[in-house]
Amino acid sequence: MKPVIIRSLSELRKLTAQWVRRDESIGLVPTMGALHAGHLSLAKAARDACDRVIVTIFVNPKQFNNPEDLENYPRTEHDDAEKLAPLEVDAIYVPDGEQMYPKEFATNVSVAGLTDVLCGAHRPGHFDGVATIVAKLFLQSGANQAFFGEKDFQQLQVVRRMARDLDIPISVVGCPTIREDDGLAMSSRNLNLSDDARKTAATLQQVMQDVAAGLRTGKAMGKLRPTALARLKEAGFGDIDYLDLRAMDDLGELDTPERPARLFAAAYLDDVRLIDNIAI
């Protein structure tokens with residue numbers, strides 16, 4: 001079944017109104033396109049859980065700090081539609097900038113606390129852009145469930161808090177990170193890596209797994225971090241924004257996993273910012 005492509009809010013609401021009248025549940029998969037197996041796994045999870053599935057494709061300018069990063073972000077709408085066709089997705093919502101941010105748009109959704117650390121500390125305003133666009137997509141679609149990958153775990157927690165605080169009646173579902181055979185977390189930005197950098201990129205996950213093993217034997221993050229950072233630099237990584245152990249619930253920094261935690265990393269390779277996290 002080839003999904004219908006919708007470009008306006010009026011079309012979207014006309015379609016979803018039919019589903020609501022039939023008491024059919026709606027699953028939403030927000031994306032910025034350049035779909036890979038990770039995105040497709042979210043669409044499959046939505047298909048398994050809901051009667052109807054909408055995948056959104058919108059490269060959101062409000063969550064980019066770097067204009068060059070926005071310009072270089074892959075845009076592959078035709079290929080994305082082809083990838084979604086076998087998955088029984090009902091609709092692909094592809095609004096343009098005017099549809100999402102009409103003239104004189106003046107509202108910003110900001111989530112305090114969770115956005116002050118990790119990517120939020122290094123990309124000011126990024127999560128305001130995420131929270132604003134996701135809130136709009138939740139309200140536009142009227143979806144019952146929304147599906148996000150755990151690779152962007154901070155984003156997942158921000159979206160959950162935003163929906164809860166604003167009383168948006170939607171369940172936000174986190175889905176496991178999908179990885180390449182060498183362990184690299186799948187990401188649309190991986191397309192921007194050179195061949196040599198792509199081979200090096202898997203080192204990030206290898207180093208993280210070694211740190212995780214050390215933490216599980218009782219070693220402290222403060223002792224493990226210097227060696228891990230040195231290994232990444234030696235492998236060819238550039239700036240390393242963070243390599244942190246954080247509590248899963250409030251993202252508070254930890255030195256040992258005394259409560260449920262995740263190890264988070266963000267590092268540049270070949271001018272591409274790679275992020276990853278693993279449960280401890």
Side-chain angles (χ1 to χ4, degrees), residues 29-45 55 57 59 63-64 66 68-70 72-76 79-80 83-84 87 118-119 122-123 126 130 147-157 174-216 221 224-225 227-246 248 261-280:
V29 182
T31 83
M32 293 202 299
L35 303 185
H36 50 67
H39 297 113
L40 302 185
S41 74
L42 302 180
K44 291 174 185 174
V55 174
I57 298 176
V59 181
Q63 66 189 70
F64 285 84
N66 184 341
E68 187 176 346
D69 190 20
L70 172 61
N72 292 335
Y73 196 88
R75 291 165 173 82
T76 56
D79 289 344
D80 293 343
K83 291 175 182 176
L84 291 171
L87 303 182
L118 301 173
C119 286
H122 292 273
R123 302 179 68 188
H126 167 72
V130 170
F147 297 80
F148 291 82
E150 290 184 344
K151 180 182 78 72
D152 296 297
F153 191 84
Q154 184 177 17
Q155 173 180 272
L156 173 63
Q157 296 298 74
C175 299
T177 301
I178 304 300
R179 299 184 179 279
E180 304 286 359
D181 291 341
D182 60 4
L184 178 66
M186 290 190 177
S187 169
S188 301
R189 286 185 171 84
N190 293 349
L191 296 173
N192 294 330
L193 292 170
S194 67
D195 290 343
D196 287 342
R198 173 61 192 84
K199 294 175 184 176
T200 301
T203 304
L204 180 61
Q205 174 64 192
Q206 294 163 9
V207 169
M208 292 179 70
Q209 289 293 349
D210 289 343
V211 172
L215 289 166
R216 292 181 184 120
M221 190 65 202
L224 294 166
R225 184 184 285 110
T227 300
L229 296 179
R231 285 179 59 191
L232 291 174
K233 287 290 188 179
E234 184 179 354
F237 283 81
D239 291 340
I240 300 169
D241 283 350
Y242 55 78
L243 178 64
D244 288 357
L245 181 68
R246 298 269 172 178
M248 287 181 61
R262 297 185 86 91
L263 180 66
F264 293 85
Y268 285 86
L269 181 64
D270 205 25
D271 293 325
V272 177
R273 190 174 188 268
L274 302 178
I275 66 169
D276 204 347
N277 72 88
I278 53 178
I280 305 297

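The analysis underlying the following values was restricted to heavy atoms, covering all of them including side chains, and did not include hydrogens, waters or symmetry mates.
- The CG atom of L184 sits 4.5 Å away from the CG atom of N190 when rounded to the nearest 0.5 Å.
- In terms of heavy-atom proximity, A212 sits nearest to I280 at CB-CD1, 3.4 Å.
- In terms of modelled atom types and a separation under 3.5 Å, the side chain of D270 and the main chain of V272 share no donor-acceptor contact.
- Legend: residues meeting ring-ring contact (aromatic ring centres under 6.0 Å, His included) with F148, ordered by chain and number and at least two apart, are absent.
- For S188 (side chain) and A34 (main-chain N/O), a donor-acceptor pair under 3.5 Å exists by modelled atom type.
- Side-chain contact between M221 and V211: present, with at least one pair of heavy atoms (C-beta onward) separated by less than 4.5 Å.
- Taken to the nearest 0.5 Å, the CD1 atom of I240 stands 5.0 Å off from the CG atom of L229.
- A salt bridge between D210 and R231 is present, with a side-chain N of the basic residue lying under 4.0 Å from a carboxylate O of the acidic one.
- The distance from the NE2 atom of H39 to the CG atom of L87 is 13.0 Å, given to the nearest 0.5 Å.
- Residue S187 holds its OG atom at 4.0 Å from NZ of K151, rounded to the nearest 0.5 Å.
- In this structure, H126 has no ring-ring contact (aromatic ring centres under 6.0 Å, His included) partners at least two apart in sequence or on a different chain.
- Between Y242 and H122, the ring planes lie tilted relative to each other; the angle falls in the 30° to 60° range.
- The closest side-chain heavy-atom distance from L35 to T76 is not below 4.5 Å.
- Between C175 and L42 the shortest heavy-atom distance is CB-CD2, 3.4 Å.
- Summarising the local packing, CG of D271 is surrounded by 12 or fewer heavy atoms from other residues, nucleotides or ligands at distances under 6.0 Å.
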How far apart are the C-alpha atoms of L269 and R198, what are their side-chain angles, what is the distance that settles it, and do they pass the side-chain contact (heavy atoms from CB on, under 4.5 Å) test?
-> CA-CA 9 Å; L269 181 64; R198 173 61 192 84; over 6 Å; no
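- By the 4.5 Å heavy-atom criterion applied to side chains, R179 and D276 are counted as neighbours.
- N277 has its side chain out of reach of D152: every pair of non-hydrogen atoms, C-beta onward, lies at least 4.5 Å apart.
- Using a 4.5 Å cut-off on side-chain heavy atoms (C-beta onward), M186 and E180 make contact.
- Counting all heavy atoms, side chain and backbone alike, G238 lies closest to K233 at O-NZ, 2.7 Å.
- Residues Q206 and D182 are not in side-chain contact: their nearest non-hydrogen atoms beyond the backbone lie 4.5 Å or more apart.
- Atoms CD1 and CD, on I278 and Q205 in that order, are 5.5 Å from each other to the nearest 0.5 Å.
- Checking side-chain atoms of S41 against main-chain N and O of G38 turns up a donor-acceptor pair under 3.5 Å.
- By the ring-ring contact (aromatic ring centres under 6.0 Å, His included) test, F237 pairs with no residue at all, sequence neighbours left out.
- Looking at every heavy atom in both residues, M32 comes nearest to I57 through C-CG2, 4.1 Å.
- The side-chain heavy atoms of R189 and I275, taken from C-beta on, include no pair separated by under 4.5 Å.
- Heavy atoms from other residues, nucleotides or ligands lying under 6.0 Å from CG of D195 number 12 at most.
- At distances below 3.5 Å, not a single donor-acceptor pair connects side-chain atoms of Q154 with backbone N or O atoms of L118.
- The two residues A185 and T177 come nearest to each other via the heavy atoms CB-CG2, 3.9 Å.
- To the nearest 0.5 Å, atoms CG (D239) and CG (L232) are separated by 12.5 Å.
- Ion pairing between a basic and an acidic side chain is recognised when a charged N comes within 4.0 Å of a carboxylate O; D241 and R123 show no such pairing.
- Across all non-hydrogen atoms, the minimal contact from G33 to D80 is CA-OD2, 3.4 Å.
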